[in-house]
K.L.:
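One structure coming up, written as structure tokens, with questions to follow.
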Number of protein chains: 2
Amino acid sequence: MTALAPISTKDRILDAAELLFANDGFEATSLRAITAEAGVNLASVNYHFQSKDALLHAVVARRAGPINQRRIEALQQLEEKLRNEPIPIDELLEAFFRPVTECNVLVPRMMVRFHYLEARETFRAIYETHFKPVANRFAPALRKALPHLKPEEAFLRMQFTMGAFAQLAAGSGTMEVVSEGRMHAPTREEALRQLIQFTAAGFRAPSLGAGL
Amino acid sequence: MTALAPISTKDRILDAAELLFANDGFEATSLRAITAEAGVNLASVNYHFQSKDALLHAVVARRAGPINQRRIEALQQLEEKLRNEPIPIDELLEAFFRPVTECNVLVPRMMVRFHYLEARETFRAIYETHFKPVANRFAPALRKALPHLKPEEAFLRMQFTMGAFAQLAAGSGTMEVVSEGRMHAPTREEALRQLIQFTAAGFRAPSLGAGL
DNA sequence: GTCTATAGTCGGATAGAC
DNA sequence: GTCTATCCGACTATAGAC
């Protein structure tokens, strides 16, 4: 049924915008490119959404909702299973990242752009709305999992982790390009396991103590 | 002497472009914004550089040359000191990242944008010219330092590392913003040490073996 | 809801005087 | 080398017919 349902103009626009925002960035993507990709009329964007900025919000919101819900569900399951005991860092990381890797590939790439590298005010608003609440939900469990780290260290390492993930999400075919075809890209599952292996070890590394 | 030397129009443009490209991105930065920031005439950009793309190349080239030279010098010193023995991964990482953190803060932020997230052909060319040669120079030492990893794993972890660094470089005041003022940002030296601590531990983590 | 047509703005780049 | 003035294309957004 869903497979046969006709795709509305609104959804065609959202799909095209997601694709182009993820691949080319927000500034570099024109509404003309989006409507051409979607096979719809230029004016329909301003009819269904009010502006390019509002379209961006809609594109993010469509994906962020389900992802964040599954993140929180996964965290709740871990909390119930371990009842007050600290959740191992690799399980926390999996709860946070698996919901992202399991959805459309474009989404993480797009989110990465928005969360970290586009500087406009719009992206700040998106961060506040869609990312911050989840981060706050995970923060206490993260602190309990990392008693050996000072808050600043834990925070910095969480940033490193987000960056490592971003790198993974942003790169489409990076491995083939850089290695000039000698290596094959990992599957999503392999990449996720490698990410967790790498970042969990980073989190477990001793505190640097004095200084920070 | 250098402090009193008058700043040429060309350099004023390069400085302004670096600032704005780093903060707002290439697409979002207009030549008009650059010339306004630099306090020079609009037409001077097309006089000194031929186009916006060529200006971008010039902005990157001015910084990438010295940085890469110091990276390779640091690597050579390690190679001479250790004579055929593998270089510890944390020393390799320091040789690679310290030259970047020691220059103007804007540069890494800008390079991060260009290396990973702006999709245009221009950025590919910049990568090929300024980044790939250094990566190739470091690659053998990296392999020797990581005998427990398969090539694909080592490569993937190097990507994670670049992402972690990118996150650090891209965020100006991220820690203050996200923690709502409860934490202070680390100094550059602290941040570098934390980055190396984190990523070196990630590299040392056991291979995941089968699968990848 | 979907189109055409266009307003109004801003972008990169250039011509030509000084 | 530096300016003013301008071309011309591309952009977002909207008005108004259907």
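Proteins get letters first, then strands, A, B, ... in listed order; numbering begins at 1 in each. If you're wondering where the values come from, they're calculated on a predicted model, not measured in any experiment. Atom set for the values below is all heavy atoms of this structure, side chains included, hydrogens, waters and symmetry mates excluded.
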K.L.:
Ignoring backbone atoms, test whether A/Ser44 places a side-chain nitrogen or oxygen under 4.0 Å from the OP1 or OP2 oxygen of C/dG1.
P.N.:
no
K.L.:
Using a strict cut-off of less than 4.0 Å between a Lys/Arg side-chain nitrogen and an Asp/Glu carboxylate oxygen, indicate whether B/Arg71 and B/Glu94 qualify as a salt bridge.
P.N.:
no
K.L.:
Let's see if you can work this out: which of D/dC3, C/dA13, C/dT4 has an atom nearest to the side-chain heavy atoms of A/Ala43?
P.N.:
C/dT4
K.L.:
Measuring from the side chain of A/His48 (C-beta onward, heavy atoms only), which nucleotide among D/dA13, D/dT2, C/dT2 has the closest atom?
P.N.:
C/dT2
K.L.:
Using a cut-off of 4.0 Å on non-hydrogen atoms, how would the nucleic acid contact of A/Thr29 be classed: base, sugar-phosphate, or nothing?
P.N.:
sugar-phosphate
K.L.:
Just how far, in rounded Å, is C1' of C/dC10 from CD1 of B/Ile34?
P.N.:
15 Å
K.L.:
From the options D/dC11, C/dG12, C/dG1, select the nucleotide whose nearest atom is closest to the side chain of A/Tyr47.
P.N.:
C/dG1
K.L.:
So, B/Arg109 versus B/Asn23: side-chain donor-acceptor pair below 3.5 Å or not?
P.N.:
yes
K.L.:
Would you mind reporting whether A/Leu156 and A/Leu149 have side-chain heavy atoms less than 4.5 Å apart?
P.N.:
no
K.L.:
It should be established whether A/Ser30 places a side-chain nitrogen or oxygen under 4.0 Å from OP1 or OP2 of nucleotide D/dA10.
P.N.:
no
K.L.:
Is any side-chain nitrogen or oxygen of B/Asn46 closer than 4.0 Å to OP1 or OP2 of C/dG12?
P.N.:
no
K.L.:
According to a strict under-4.0 Å criterion, is A/Asn41 in side-chain N/O contact with OP1 or OP2 of C/dT4?
P.N.:
yes
K.L.:
From C/dT2, C/dG11, C/dC3, pick the nucleotide closest to the side chain of A/Thr9?
P.N.:
C/dT2
K.L.:
Over how many whole Å does the gap from A/Gln50 atom CD to D/dT14 atom P extend?
P.N.:
9 Å
K.L.:
Should the pair B/Arg157 and B/Phe203 be classed as cation-pi, given the thresholds of under 6.0 Å to the six-membered ring centre and 45° from the axis?
P.N.:
no
K.L.:
Answer with base, sugar-phosphate or nothing: what part of the nucleic acid does A/Ser8 contact at a heavy-atom distance below 4.0 Å?
P.N.:
nothing
